[in-house]
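Shown next, in C-alpha cells, is the structure this report addresses.
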Amino acid sequence: MPIKNGSVVMRVDVSSNGLGPFIPNKRFHVNINGFLERPREHELQFTVGNELFHLIPRYFVNVPSRPLWYTVDQTPVLILGGIPEEKAILLTDTNFKDFFLVELSIDSCWVGSFYCPQANFTATIYDAIATESTLFIRQNQLIYYFTGTYTTLYESNHGSGEGWVRVLANECIKRLCPVHFHSNGSEYVMALTAGKNKGYVHFGTITDGLVSFELLPRHQSVCSAILVVNCSITWAVFVAGDYNLLMLVEIVGPTSSKYFQVVSYDLVSDHLAVLYTIPEFIPDARGLEFLMILGTESYTNVPMVPKGMSYNPFNNLLLIWGNFLLQSFNNENFIYLADFPKELSIKYLVNSFRGDMAIVTENEEIWYLLEGSYQVYQLFPSKAWEVYINLQVLQQSSLYGPNETMVTLFYEDNKLYQLVYLIDNQQGRLVKRLMPVEQLLMYREISDKYVLEQQGSHLTLSFSNFCPFTVMRLQELPNPQIYTRQERYRAQPPRVLEPWGFHSENSLAVYQGLVYYLLRLHSKYDKPYADPVHDPTWRWWKNKKQDQDYYFYLASNWRSAGSVHVDMTSYEKIYDLKAEKELPERIFLDKGTSYSFSVFLTARKSEVQHAGPSFQVLSPVDLAVVLADPDCIEAMVKEKILVNRNSVLFWVTLSDKRSCFDQGISGHHLMKTSMLIKVLGSSGHCFQNTNQGPRMQSNLMVPVLIGCPPGKRLAFDITYTMQYNRVQNKHYFDCVTVDPEMPCFLFRDIFYPFFLIQDLVTGDSGSFQGSYVLKVVGGGPTLDTIKEYSEEEIYRFNSPLDKTGSLIWTTENTTTTEDLAFNIMSHNSSGIEWLCLENSPCHDTVPHNIFAPEFFFKVLVSNRGVDESTYCDYQLTFLLHIHGLPLSARRAFLILLVSASLFVGLVILYIVCCLLSPYMVKVCNILRWKINSIIGLESYYTYSTPSDSRAFSHSGTVSWRSSRLNSRCLGLKLIVKDFEWQQLSTV
C-alpha cells in the first residue's frame, strides 16, 4: 500500500456498525518488518540471525523479568533479551501477539583489559533497545547495532547488509539507556561506560538509518566538572525539548562513603551543573503518604540506593528510583512517596506517558502509581490478585496457570500487558495477557473498605464507597479531527451483483485496487497548485460524475461489468467526524487556539452546603485542572451548581498563551506538555462499569502538543490568482500552447499572487492572511534548463538593496524584513512588477520560435520570521510560467537590422528581376530553340538507312562524321545569320 510520510508503524481498527449484538473494538498492528528477507525461491528468513523453533523452559523459568525498551509510537519491531547463556532475543512486529526466537549472528567477542576488567564471560544479551529502523544490543561490555531494510523511510537503503555492526569497541560499556521519544528528526540511545571513561556518556544519534556516537560532556568529564576525584554515571535521561542531559552520578568520597547527585548538562551551551544531591538515608514519613524534602526532616537508618531515573516529557515528571521513589516536576524540589516500602528495591519502571506507570521490583512484585497522586498500590502479589486468579480459574481461562514466570511488562494503547511463560501439561508457551489494573483496584477497595453491622439476629455486610461522585460525564466535546489531526476516509466494498451476494476473488481484487488508489491519492496530494476542490478524491471522479446515473442504471439491471458495481460516493474523505464521550488521545494547539468541553458531576452526598451570610451554595465536588507548563498554556474553569440535581457542571477551556514556541514545519518539533483533569479525593477510588469491564475515572490526562499541527500546508491559489489578475489588468493572455496544470502570465502585467492555507484533516481551505517573503530561487527558459540559484544570486535577484542591476522583480510595497534584505508581502500587497534587469538570468532571453520569449521561475514563498499569526513555518516552492519577455536593446536592434536588411535585399531583388525579365525571356527562348534544333538534326541522321550492311557500316561512320561537321558548320551559319538579322532589326 502507498505509505505517506515514511511511516512503518500502522494500526488497523475494526469496529462494529452498531447493529445486532455488541462487538468490542479491535486493533491490529500491521507493521513493516525490515529485518526479514526472501531469497529467490526460498522462504522468509531473518537478516539478524537464525530462527530457533523450540522454547526451552530454561530460557524463561525462574529467569528475572526485563524491561522492554523502544521508541514510543514509531517502532515497528520490538526486541527483548535476557535469555540466559544464549545470544538470542525475542523479536515481534505485532507487540507480542506473535513472536520469534532468534539467535543473533554476532561475533561474541570478549575484550577485557586492565581498564575494563571482566570477571566472567556470558552470551546473554543484557540490554536491548529498538528504534524505528535500528536495533541495539549489549553483550558483556560490547554493543552492536543492526539497521533494517526500510526503503519507505529513506531515499537510499542504509540496511546492515553485512550483519551486526560493533561500535565503541575500545570502550567498556556497562549499560544502555533508552530515549523513549524521537525529536528533531532523530532518535537517540545512550551508552554508559566504566573504566577510563566512566565520567562520560556516549550519546548515540540515529538519523535516516545512520548511527553516530558523541562523547559527552565534550570538554571535560563529569567528575572534573563537579570537582570530585572518583565518580561514575549510574543512569542518564535525555530531555530532547531542552537539549538537556540529566545524569545520576555516584560519587565516592575520601572516606569511601558514597552519595549521589543529579547533574544536568546542556548540549547547546556545554554548561554542566549539579541540580540535586540525594539524601544519604531514607526520610521518616511518620505515617504520611508523602513528604516534601526540605532538609529539615528526620531520617531513618536505611540508606538510599538510587538505581535509575525516569522522565515524562508531557508533564515534566522526573522520578528517581531505587529502594525509594522521589518525584519532582522542576528537577529541584523533590517529594518522597512513602507508600512504597523501603525494604523493596525497584528493578525498572514502565511508563504509559498517559498519567500512570507500573513498578517492577527485584523480587518481581508489581506496583502501580497514578501520576499526580501520592499513593502507590500493590497489584501483585495481593489479596485482590488472589481473588482475580480464583475467578479466572473458575472460568477455565487459558491465560493463567499455577506455574508461570513473568517475562516483561509493557503498555499498549494505554493498557498494561504482561508477557508470561506458562507451563501446562509439561508444555511451555509464551502468553500475552492484560494486566487488570482497574479490577485489582476495585477488589482492593472491596476487601479493605467493608463493615459488618448487626441487624437483628444476623450480621450484614456493607461497603464504603470513597468515590465523591456517582456520575461523571464529558459533554459539549468539539469535533475531534481538528485537534487529533487524524485523516479518515470512507471506503466501502463494491456491491456484488450475484444472487448469493458473497464476494469473489474478482470483487476483492477490485476492492483492493480501489483502496490502493485511494491511499495513493492521499500520499500524492501535495501539489503546489491548489485544485479548485480541496479534496484528494476530487480528481478521481471529476470526469465521471456525469455518468453516475448510467452506471447506477446498469447496476440496477444487473449488467455491470464483472458483476461488480462501484458507487462513487462510497469513496470519500471524512471531514465531519463526531466526538465520542471521551477526551481525544492527544490535542494539537496552534498559536492562540483553544479546546473547550464540559464535565458533569453528580455528587454522592446529597446534603447542600452553604457558606457566608449571603447563603452562597458550595460545590459538593471539586474539579482541578493541572497544567504541566502554565507559562505556555492556560485553563479557565467555570462552574454551575445544579442544586435540584445535586450536580455540578464545569466548563473547561484550554488555551495557548502564544509564548513558548517559535515556528516549525507542520507536524515537526512540537513542544510536549499536558493537561490533567482531576476530581479531588477520587484517585484510585472511582470506576465506571462498561461492557468491556471497569474503567478508571476522575484522572484524565491529555497530552498537548504545541506548534504547527500536522496536515496544514500552503498552496498557490491559481484559480483566484487568474481571476483577480484578469480583473486588475483588464485582460488575460495565456501562452500559445496552453497547459491547464500551469497557466501562463504576461510579463508586462502586474502579477498579484494569492495563496491558500489548506487543512488536509478538516477540509478547510481559506485565503492566507499572514505575511510572507517571496523569492525567486531558480529558473530557466525551459523546464529542462531550470537552474538552482546560490544564496548570493538569490540576494541579488530579489533584494531591494541590490545595486548590481540584477533584480528580477520589484513591488511598491515598502515593508521589509529586519535586515532590509527582502520585501514582506501579504494578500493586500500591491502586486509584483517584473523587471529582468541587465544582470538577471531572465534578461535577454533568446526566443526559440517566432513567438515572444518565455521563462520559468522557481518561486519560494515562506512566512518564516515575518508572520506572527501562526506557529506554522509555511514554505512553498512552485514554478511560475511567464511569457512575453522583452528582448534586450542590443538584441532587438540586431534583429531589427537583420530584418531590415533582409527586407531591403528582397525589394532590390524584386526590382532587378522586374527590369531584366524581358531579356531573360528572350535568352530563354533562344536557348530553347537552339536545343530543339540540335536534337532534331541528330535524330534525323541517326535514323537514316543505307542499301547493304557493309556500306552501312563504312559509310555510316563517314556520313556520321561529315554530318557532324556539316551540322556544326550549319549551326555556325545559322548563328551568324541570326545575329545579322538581329542587327538589321535593331537598325
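The residues of the chain are indexed from 1 along the displayed sequence. Since the model is a prediction, treat every value here as computed from it, not as a measurement.
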Distance (rounded to the nearest 0.5 Å) between [X] [atom1] and [Y] [atom2]:
X	Y	atom1	atom2	value
F136	I206	CZ	CD1	4.0 Å
L78	L135	CG	CG	9.5 Å
L379	Y368	CG	OH	8.0 Å
L419	R433	CG	CZ	10.0 Å
F203	E214	CZ	CD	8.0 Å
M309	L349	CE	CG	12.0 Å

Check: residues 28-36 side-chain donor-acceptor pairs under 3.5 Å, at least two apart:
residue: H29; atom: NE2; partner: E412; partner atom: OE2; Å: 2.9
residue: N31; atom: OD1; partner: M10; partner atom: N; Å: 3.3
residue: N31; atom: ND2; partner: P76; partner atom: O; Å: 3.1
residue: N31; atom: ND2; partner: D93; partner atom: O; Å: 3.1
residue: N33; atom: OD1; partner: F35; partner atom: N; Å: 3.0
residue: N33; atom: ND2; partner: D93; partner atom: OD2; Å: 3.2

Sequence neighbours excluded, which residues qualify as ring pair (Phe, Tyr, Trp, His ring centres under 6.0 Å) partners of [X]?
X	value
F314	F181
Y417	none
F99	none
H202	none

Would you say that [X] contacts [Y] through its side chain, given a criterion of any heavy-atom pair below 4.5 Å between the two side chains?
X	Y	value
L215	F213	no
M304	L326	yes
W385	L440	yes
F324	K342	no
W69	V189	no
M247	M190	no
L416	D356	no

For the residue pair [Y] / [X], report whether a side-chain donor-acceptor contact shorter than 3.5 Å exists.
X	Y	result
E171	T193	no
K258	N230	no
N363	E365	yes
N184	S186	no
H182	E132	no

Check side chain to side chain donor-acceptor pair (under 3.5 Å) between [X] and all other residues, then give those that pass, not counting sequence neighbours.
X	value
R66	none
K174	none
Y377	Q375
Y188	none

Pairs touching residues 392-413 that satisfy ring pair (Phe, Tyr, Trp, His ring centres under 6.0 Å), sequence neighbours left out: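 Residue pairs with at least one partner in residues 392-413: F96-F410, Y388-Y400.
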- Taking only residues two or more places apart in sequence, or in another chain, which ones meet D98 in a salt bridge (charged side-chain N to carboxylate O under 4.0 Å, His left out)?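 Expected list: none.
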Keeping the roles fixed (side chain from [X], backbone from [Y]), state whether a donor-acceptor pair exists under 3.5 Å.
X	Y	answer
N323	V305	yes
T124	Y126	no
N425	Q427	no
T71	Q74	no

Assess the residue pair F146 and L104 against the criterion (side chain to side chain contact (heavy atoms under 4.5 Å, CB included)); give the C-alpha distance rounded to whole Å, side-chain angles, the decisive distance to 0.1 Å, and a yes or no.
CA-CA 10 Å; F146 193 101; L104 304 182; over 6 Å; no
query = Can you name the residues that form a disulfide (SG to SG under 2.5 Å) with C231, not counting sequence neighbours?
reply =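 Partners of C231 by the disulfide (SG to SG under 2.5 Å) criterion, ordered by chain and then number, come out as C223.
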Thinking salt bridges, do K347 and E364 make one under a 4.0 Å N-O criterion?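 A salt bridge is present here (some side-chain N lies under 4.0 Å from a carboxylate O).
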Q) Parallel, tilted or perpendicular for F60 and Y421, by the 30°/60° rule? A)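 Geometry flag for Y421 against F60: parallel rings.
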